[in-house]
Amino acid sequence: MTKGTATELYQALWNSADVLRSKMDASEYKNYLLGLIFYKYLSDTMLVHSSEMLEEKTENLDEALDMYREAYADDEFSEEFQSALVYEMSYRIKPELTFSALMEEINNHTFQREHLQQGLRDIEQSSNVFEDLFEDIDLNSKKLGATPQKQNDTISQVMKALDNLNLANYDGDALGDAYEYLIGQFAEDSGKKAGEFYTPSQVSTLMTRIALANKEDKKGLTVYDPTMGSGSLLLNAAKYSNEASTIRYFGQELNTSTYNLARMNMFLHDVDPENQTLRNGDTLDVDWPQDEPTNFDAVLMNPPYSAKWSAAKGFLDDPRFASYGVLPPKSKADFAFLLHGYFHLKNDGKMAIVLPHGVLFRGGAEGKIRKALLEQGAIDTVIGLPANIFFNTSIPTTVVILKKNRDSRDVLFIDASNEFTKAKNQNKLEEKHLDKIYETYLKREDIEKYAHVATYEEIEENDFNLNIPRYVDTFEEAEPIDVVALKDEMKQTDQEIEAVSKELLAMVDDLEVTDDTKDIIDALKEVLR
């Protein structure tokens with residue numbers, strides 16, 4: 001069992017996906033691989049911790065397994081030992097179902113995937129914390145192989161690829177970051193499906209830095225993401241807090257598979273179960289949370305763009321939407337997500353949400369909601385991002401920053417649409433681009449062709465249209481044309497064409513004329529003359 005560098009860990013985990021790549025899409029095989037990695041993490045951690053409880057701590061998993069087996073088999077000691085282990089770990093895996101024991105079966109050619117399934121089930125039944133956590137791992141799927149034996153072989157190969165790692169040897173930062181790396185790789189391979197579970201790290205960084213600005217030292221910071229995906233955007237808050245261990249995370253996700261992925265992500269980042277409140281549900285359909293706390297220091301959101309929602313009339317009585325008098329249209333839930341997040345923001349909190357540019361200028365009900373928000377001073381900043389930086393869409397997007405109880409109703413506009421580095425498949429926001437946006441946000445000053453602080457009166461004159469080009473003029477005048485130089489250049493080009501034509505005509509004259517080529521040669525001569 002090895003503990004290498006972070007890069008080696010990333011690569012070893014990513015290479016383990018090779019077994020599954022030819023069998024199914026990344027959006028599907030991520031559930032198998034990430035689930036197995038998490039199972040190994042739980043197994044390795046439990047074995048090492050059990051050896052410590054037995055006062056013979058070892059990081060050698062084979063030795064730890066032998067000690068665990070012996071303690072488990074001791075009738076006088078076993079019950080007390082198991083109770084203490086479950087109390088400290090919140091779960092238990094029987095010796096014969098640990099990842100290390102299953103690897104022994106694999107090496108002895110006696111492995112059956114039903115044994116792994118039982119191990120997964122036992123963890124799920126250990127506590128509410130793990131309930132239904134592995135339900136997306138279908139070990140009987142035909143995609144793993146046409147026969148039970150082929151399915152066994154596929155799972156065995158994936159487990160073999162992971163076996164050389166002792167995941168208990170890595171701290172939460174290293175292992176959590178490796179998990180994030182994997183999720184990012186899966187997102188890149190998944191294409192448009194990635195939007196369901198992943199916000200690119202550079203966008204997460206920008207949003208989190210802004211949302212947590214001046215709150216870095218706050219203890220007990222509360223962060224909420226009602227469309228949390230894999231939890232990456234939520235977890236990013238820990239990187240910009242000096243009291244990371246005290247952060248309380250609140251998140252909701254509609255897709256059950258993605259919800260379970262977020263739960264695993266939390267554990268692998270060493271987030272205490274008491275500091276995470278996650279829910280599998282429809283954010284717009286039923287308001288959540290309704291118990292304490294209901295409002296948060298930071299709200300971070302990357303909702304599905306222009307999704308459909310019911311927009312039922314009953315929502316006009318919903319406190320999230322009631323004060324606006326209208327509902328966002330059924331065909332575009334963008335403002336429904338925004339208003340939900342804003343409703344759950346503390347009076348001194350800050351919200352950052354990614355949306356399509358249409359929310360800035362569309363009329364109808366959306367226009368009325370936008371006007372109401374501007375009249376309240378709720379919209380603090382509008383940031384235009386480059387096109388093609390998300391995996392699920394190539395369109396340019398905007399990050400809207402909202403606050404409550406502002407002293408001013410002005411709006412800072414930042415046009416960062418040209419601030420990117422061109423990559424193979426996507427555009428990338430680099431650290432220098434993020435720093436420029438962040439510093440501009442903090443200074444809140446006009447920068448020619450980049451940023452402008454628009455007064456409420458200026459916005460009112462524009463009929464509450466927030467389309468960024470109305471406020472930030474990035475137009476570049478073309479350089480004056482030197483007519484004399486252009487005339488000389490055209491004359492020189494004509495001379496070059498004439499010279500080349502003469503050379504080609506001479507070559508054509510040398511061609512042998514036959515009945516088959518006569519018409520073609522005559523046509524060439526006509527063109528060249």
Side-chain angles (χ1 to χ4, degrees), residues 195-196 207 224-229 250-255 279-291 294-296 298-347 349-382 392-393 395 397-406 409 411 456 459-460 462-468:
E196 299 174 4
M207 295 170 68
Y224 177 48
D225 184 350
T227 58
M228 68 177 173
F250 296 81
Q252 182 163 230
E253 172 55 39
L254 177 61
N255 183 290
R279 183 173 183 265
N280 183 199
D282 188 327
T283 286
L284 299 183
D285 190 43
V286 178
D287 186 23
W288 180 87
Q290 294 184 341
D291 299 323
T294 59
N295 295 332
F296 306 95
V299 176
L300 301 167
M301 296 180 69
N302 178 19
Y305 306 146
S306 300
K308 293 181 173 60
W309 76 303
S310 72
K313 288 184 179 179
F315 282 116
L316 286 170
D317 297 322
D318 189 309
R320 295 174 293 173
F321 313 117
S323 63
Y324 300 91
V326 293
L327 295 173
K330 289 183 179 181
S331 60
K332 294 179 177 64
D334 302 313
F335 267 108
F337 284 113
L338 184 150
L339 293 179
H340 171 90
Y342 186 66
F343 177 76
H344 286 284
L345 187 65
K346 280 185 178 179
N347 286 337
K350 200 180 303 178
M351 174 178 170
I353 182 171
V354 185
L355 293 167
H357 275 261
V359 299
L360 303 177
F361 53 79
R362 290 193 298 247
E366 291 181 300
K368 292 178 182 177
I369 294 170
R370 187 171 59 249
K371 178 182 177 182
L373 289 168
L374 288 164
E375 287 173 341
Q376 296 174 38
I379 299 178
D380 176 82
T381 304
V382 174
N392 60 322
T393 180
I395 65 170
T397 51
T398 181
V399 173
V400 180
I401 309 299
L402 298 102
K403 291 181 178 180
K404 293 182 176 178
N405 297 335
R406 292 178 64 218
R409 293 191 292 179
V411 177
Y456 177 79
I459 294 168
E460 188 176 28
N462 278 292
D463 199 24
F464 301 100
N465 185 319
L466 300 182
N467 200 18
I468 297 172

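Quantities reported herein were computed from a predicted structural model and do not represent experimental measurements.
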Could you check Met351 against Ile401 for side chain to side chain contact (heavy atoms under 4.5 Å, CB included), going step by step and ending with a plain yes or no? CA-CA 6 Å; Met351 174 178 170; Ile401 309 299; over 6 Å; no

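In this structure, CG in Leu373 is found 9.5 Å from CZ in Arg370, a value given to the nearest 0.5 Å. A distance of 6.5 Å separates CG of Leu300 from CG of Asp225, quoted to the nearest 0.5 Å. To the nearest 0.5 Å, atom NZ of residue Lys350 and atom NZ of residue Lys404 are 15.0 Å apart. Note that CG of Asn465 is 10.5 Å distant from CG of Leu374, once rounded to the nearest 0.5 Å. Taking OG of Ser323 as the reference point, atom CD of Gln376 lies at 6.0 Å (rounded to 0.5 Å). A distance of 15.5 Å separates NZ of Lys346 from NZ of Lys403, quoted to the nearest 0.5 Å.
Just one of Leu360, Leu355, Val399, Asn467 meets the side chain to side chain contact (heavy atoms under 4.5 Å, CB included) condition when paired with Val382; it is Leu360.
Ion pairing between a basic and an acidic side chain is recognised when a charged N comes within 4.0 Å of a carboxylate O; Arg362 and Asp334 show such pairing.
Proximity of the aromatic rings of Phe315 and Trp309 is defined here by a centroid distance below 6.0 angstrom, and this criterion is met.
Listed by first then second residue, pairs satisfying salt bridge (Lys or Arg N to Asp or Glu O under 4.0 Å) with a partner in residues 305-318 read Asp318-Arg320, not counting sequence neighbours.
In this structure, the side chains of Phe321 and Leu316 stay at 4.5 Å or more apart for every pair of heavy atoms.
Nearest heavy-atom pair, Leu338 versus Ile353, reported as atom, atom and distance to 0.1 Å: CA-CD1, 3.8 Å.
Counting non-hydrogen atoms of other residues, nucleotides and ligands closer than 6.0 Å to NZ of Lys371 gives a total of 12 or fewer.
With hydrogens and angles ignored, the 3.5 Å screen pairs a side-chain donor or acceptor of Glu253 with a backbone N or O of Gly229.
Residues that satisfy the ring pair (Phe, Tyr, Trp, His ring centres under 6.0 Å) test with Phe296, not counting sequence neighbours, are Tyr224, Phe250.
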